[in-house]
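First up is the structure itself, then whatever we jot down about it.
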Amino acid sequence: MEASQPNTTTDTANPNPIPNNTNSILSSTPVWPTIDGPLGLTEDESLTYARRFYKFGFALLPWLWAVNCFYFWPVLFNSRSFPRIRPYVVRSAVGFTVFTTVLCSWALTFAIGGEQLFGPVWDKLVMYNVADRLGLTGWI
């Protein structure tokens with residue numbers, strides 16, 4: 001008879017002593033947008049700097065993208081923090097990665113390939129014989 005009756009008493013005790021919405025030390029510490037923590041910029045100033053670093057990176061200064069990623073490191077690796085700043089920092093990381101890949105490819109092409117890869121065009125591409133081509137070495 002007891003088996004036919006539904007069990008109305010459910011055990012609601014959580015086996016995990018720490019609830020899901022905890023106030024642990026990690027979640028209670030403030031999150032700062034910059035690597036220098038409370039000594040750094042406010043969120044509005046950080047947005048301005050992140051936007052400037054991102055835009056000036058397109059002006060042939062892609063190293064600013066690396067600075068942007070380094071300075072806003074907490075924003076880059078915490079996907080839920082500072083949603084207004086994060087797009088500029090993530091785009092800076094992507095831009096710097098693409099720039100570094102292209103630069104390294106170009107440098108390795110010339111360093112490894114050299115004259116064997118480019119053939120007779122090599123003399124026009126290299127810069128170490130510019131003085132000879134322009135006739136600037138005859139006066140010395």
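Between atom SG of residue C69 and atom CD1 of residue I35 there is a gap of 11.5 Å, rounded to the nearest 0.5 Å. Of the inter-residue distances, the one linking S46 atom OG with I85 atom CD1 reads 4.5 Å to the nearest 0.5 angstrom. With rounding to the nearest 0.5 angstrom, the CG atom of L76 is 6.5 Å from the CH2 atom of W73. The distance from the CG atom of L61 to the NZ atom of K55 is 15.0 Å, given to the nearest 0.5 Å. The line from CZ of R51 to CZ of R91 is 10.5 Å long, rounded to the nearest 0.5 Å.
Judged purely by atom type and a 3.5 angstrom limit, N68 has no side-chain atom pairing as donor or acceptor with the backbone of V89. Under the 3.5 Å distance criterion, the side-chain polar atoms of S81 are matched with a main-chain donor or acceptor of N78.
Using cut-offs of 30° and 60° on the angle between ring planes, the pair F110 and F118 is parallel.
Considering all non-hydrogen atoms of both residues, G113 and Q116 come closest at O-OE1, 2.9 Å. The nearest pair of heavy atoms linking S105 to T101 is OG-O, 2.6 Å. The shortest heavy-atom contact between S92 and Y54 is OG-CD1, 3.6 Å.
Residues Y88 and F77 fall within the same hydrophobic cluster, defined by Ile, Leu, Val, Met, Phe, Trp and Tyr side chains chained together at heavy-atom separations under 4.5 Å. A single hydrophobic cluster is not seen to contain both V102 and L117; linkage of ILVMFWY side chains at heavy-atom distances under 4.5 Å, directly or through other members, places them apart. No path of Ile, Leu, Val, Met, Phe, Trp and Tyr side chains, each step under 4.5 Å between heavy atoms, connects L103 with V98, placing them in separate hydrophobic clusters.
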query = What's the verdict on side-chain contact (heavy atoms from CB on, under 4.5 Å) for E115 and V121, showing C-alpha distance, side-chain angles and the deciding distance?
reply = CA-CA 8 Å; E115 193 170 359; V121 180; over 6 Å; no

inquiry  = Is there a ring-ring contact (aromatic ring centres under 6.0 Å, His included) between F53 and Y71? Walk through the geometry before answering.
reply    = CA-CA 10 Å; F53 285 155; Y71 192 61; 7.1 Å; no

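Ring centroid separation for the pair F82 and F72 does not come in under the 6.0 Å cut-off.
Counting heavy atoms from C-beta on, the side chains of R84 and D44 come closer than 4.5 Å.
Exactly one of F56, F58, F70, F96 qualifies for a ring-ring contact (aromatic ring centres under 6.0 Å, His included) with W65. That residue is F58.
The environment of CZ in R52 is sparse: at most 12 heavy-atom neighbours from other residues, nucleotides or ligands sit within 6.0 Å.
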